[in-house]
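First up is the structure itself, then whatever we jot down about it.
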Amino acid sequence: MKKGDLCEAVIERIEFPDKGIARIGEDQVVVKHAIPGQRVRFVINKKRHGKMESRLLEILERSPLEQMEGVCPHFGQCGGCQYQSLPYEEQLRIKEAQVKGLIDGVCDPSSYEFEGIMGSPLHEGYRNKMEFSFGDEYKDGPLALGMHKRGSFYDIVTTTECRIVHPDFCRILEATLAYFQEKGVSYYRKLRHEGYLRHLLVRRAVKTGEILVALVTSGQTGELEKTAGDRSLDETAVTGCCDAEKELLAGWLEKLLALSLDGAFAGILHIRNDSLADVVQSDETTILYGQDYFYEELLGLRFRITPFSFFQTNSAGAEVLYETARSYVGDTKDKIVFDLYCGTGTIAQVIAPVAAKVIGVEIVEEAVEAAKENAAGNGLDNCEFIAGDVGKVIDEIADRPDLIILDPPRDGIHPKALDKIIQYGADRLVYISCKPTSLARDLITLQAKGYRAEKIRCVDMFPCTSGIETIVQLSKGEINSKKVRVEFSLEDMDMSGFQKGATYG
């Protein structure tokens, strides 16, 4: 086979994160977005080092594993959910097998206890945050609002019946889209850097039902004169807006407040973002209604959530994850615990009541400020949070840890930072990973430096998708010189993500 060839085959298995594996003769081909048992048509688009990758063209026959009844109507078009047509038990089986296979490739299977996978308490309507994008479903089509179309950087699928969020998300999306369609307002075109509407950010507390909504736009308001009407907003709240934008936002606010929702608005915001990058960030935030935060509850603690707070997107699943982490941490009485890559300090605060001291390190300053505020609100005075790159900050900490908790970003721990962490010589480590290929890479280094994986458990925080969290309990022991078989490539492990001269942590 060669690049450009059209082929048909049955998918034999799936590898993390979304790689269907088909075989044609002696050749193995990766077909992304396909699941075991499907007969698919695909085109070879890459052939390198004896490996072939392809682009899925058509699903010719559904897998016997699939159950299409009750599946989200956007499934297959929307790029958000890969596994939604599979029964939840089958999703868990696939994810468990993927993680076990990766770990067994770098660890002696007889040397650790694999505790299987724990499912999410909710596998529909579980997400507490969504960032919807404005755009069109095809070139020059009508305004759309939702998720990116599978395999597309530009096209947007309007997801008014998304199954992984509470129905309140869909009601807010639908009302927002209808309003701006009626007004004829343009979306922001990423290539030309022109247009007004960029994103709709929605967060909803699972325990309280409080909702925070933010409309993210550019500062390009020249086209808005045609939308002017007779509505008005508080002049003190929108001093940065032109008159036409004030009228437009007032109408949108009125539309939202008229909605019948199961929850209640804690705040409705307007965020201006003139960054050239396609990210949700704020150059200026205006509160149109209420406040810019709400509180979520987790394992008896309260956490203040703002539009950009780092917080697990599955609140119910997070309780399962952190309960498991707490059990892996074990006895912390009179011990100093480091929580590295701590985000808003959720794990640190879960551990703090039974530790002498917890020190959290996180590079995002806003997250650190939120962690300090949350710890104070929860009455925890033995938590210290430091803003900075983990690889640099740990050189400046006088305390020595008895236990280290690691919860790094998807690309894992930068090699230089990992070396410094290992040099502490802590008796125990607990590694929480959201990407098992990065975890497997780091386990190679940890084992070479004398750490041994004792227990491993998966927690499904992202039902219907390929995402999976994995928790590993490690202890200091003899250096394991056993050679292991590594069955994934450097590309799989994202070594290319570590750029020379870049800052990580």
Heavy-atom closest pair, residues [X] and [Y]:
{"X": "F16", "Y": "S466", "answer": "CE1-O, 3.5 Å"}
{"X": "F310", "Y": "G343", "answer": "CD2-CA, 3.8 Å"}
{"X": "D274", "Y": "D283", "answer": "N-OD2, 2.6 Å"}
{"X": "Y341", "Y": "V390", "answer": "CE2-CG2, 3.6 Å"}
{"X": "I287", "Y": "G290", "answer": "CG2-O, 3.3 Å"}
{"X": "P17", "Y": "Y83", "answer": "O-OH, 3.6 Å"}

Heavy-atom side-chain contact between [X] and [Y] under 4.5 Å:
{"X": "I471", "Y": "V430", "result": "yes"}
{"X": "R428", "Y": "Q473", "result": "no"}
{"X": "F462", "Y": "N314", "result": "no"}
{"X": "L102", "Y": "T437", "result": "yes"}
{"X": "V361", "Y": "D339", "result": "no"}
{"X": "I35", "Y": "S85", "result": "yes"}
{"X": "Y293", "Y": "S309", "result": "no"}
{"X": "M461", "Y": "I468", "result": "no"}

Mind checking the [atom1]-[atom2] spacing from [X] to [Y]? Nearest 0.5 Å is all I need.
{"X": "Y431", "Y": "I421", "atom1": "OH", "atom2": "CD1", "result": "8.5 Å"}
{"X": "K19", "Y": "E53", "atom1": "NZ", "atom2": "CD", "result": "6.5 Å"}
{"X": "D402", "Y": "D331", "atom1": "CG", "atom2": "CG", "result": "10.5 Å"}
{"X": "I156", "Y": "M147", "atom1": "CD1", "atom2": "CE", "result": "8.5 Å"}
{"X": "L65", "Y": "I11", "atom1": "CG", "atom2": "CD1", "result": "12.5 Å"}
{"X": "H123", "Y": "C464", "atom1": "NE2", "atom2": "SG", "result": "8.0 Å"}

Q: Go through the structure and list residues passing salt bridge (Lys or Arg N to Asp or Glu O under 4.0 Å) with E96, not counting sequence neighbours.
A: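 Per chain and number, E96 pairs via salt bridge (Lys or Arg N to Asp or Glu O under 4.0 Å) with no residue.
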
Q. Given the rule in the side chain to side chain contact (heavy atoms under 4.5 Å, CB included) test, do T445 and I422 qualify, once you have shown the distances and angles that lead to the verdict?
A. CA-CA 9 Å; T445 302; I422 291 169; 4.0 Å; yes

Q. Stepwise, does the side chain to side chain contact (heavy atoms under 4.5 Å, CB included) test hold for L173 with C170?
A. CA-CA 5 Å; L173 180 152; C170 300; 5.5 Å; no

Neighbour count above 12 (heavy atom, 6.0 Å) for [X] [atom1]:
{"X": "K416", "atom1": "NZ", "answer": "no"}
{"X": "R23", "atom1": "CZ", "answer": "yes"}
{"X": "E396", "atom1": "CD", "answer": "yes"}
{"X": "K32", "atom1": "NZ", "answer": "no"}

Under 3.5 Å, is there a donor-acceptor pair between the [X] and [Y] side chains?
{"X": "Y112", "Y": "D104", "value": "yes"}
{"X": "H270", "Y": "T217", "value": "yes"}
{"X": "D460", "Y": "Y88", "value": "yes"}
{"X": "Y126", "Y": "H166", "value": "no"}
{"X": "S438", "Y": "D411", "value": "no"}
{"X": "E115", "Y": "Y328", "value": "yes"}

Q.
Under 6.0 Å between ring centres: does that hold for Y295 and F303?
A.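 No; F303 has its ring centre 6.0 Å or more from that of Y295.
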
Strictly below 4.0 Å, N to O, side chains only: are [X] and [Y] in salt-bridge contact?
{"X": "R304", "Y": "E373", "result": "yes"}
{"X": "D168", "Y": "R171", "result": "yes"}
{"X": "D278", "Y": "K190", "result": "yes"}
{"X": "R452", "Y": "E454", "result": "yes"}

Under 3.5 Å, side chain of [X] to main-chain N/O of [Y], donor-acceptor pair present?
{"X": "H148", "Y": "F153", "value": "yes"}
{"X": "Q91", "Y": "L86", "value": "yes"}
{"X": "T332", "Y": "V354", "value": "yes"}
{"X": "R457", "Y": "T470", "value": "no"}
{"X": "E362", "Y": "I386", "value": "no"}
{"X": "N378", "Y": "R302", "value": "yes"}
{"X": "K149", "Y": "V157", "value": "no"}
{"X": "D334", "Y": "A355", "value": "no"}

Q: Could you check E113 against I456 for side chain to side chain contact (heavy atoms under 4.5 Å, CB included), going step by step and ending with a plain yes or no?
A: CA-CA 6 Å; E113 180 184 358; I456 299 177; over 6 Å; no

Q) Can the positive tip of K372 be found less than 6.0 Å from the middle of the six-membered ring of F385, inside 45° of the ring normal? A) no

Q. Stepwise, does the side chain to side chain contact (heavy atoms under 4.5 Å, CB included) test hold for Q349 with N374?
A. CA-CA 9 Å; Q349 292 174 69; N374 287 328; 3.6 Å; yes

Q) Can you name the one residue among E297, E296, E319 that meets salt bridge (charged side-chain N to carboxylate O under 4.0 Å, His left out) with K207? A)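 Testing each of E297, E296, E319 against K207, the sole residue satisfying salt bridge (charged side-chain N to carboxylate O under 4.0 Å, His left out) is E319.
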
Q | Verdict with supporting geometry, R204 and E210, salt bridge (charged side-chain N to carboxylate O under 4.0 Å, His left out) | A | CA-CA 6 Å; R204 187 182 190 277; E210 288 189 302; over 6 Å; no

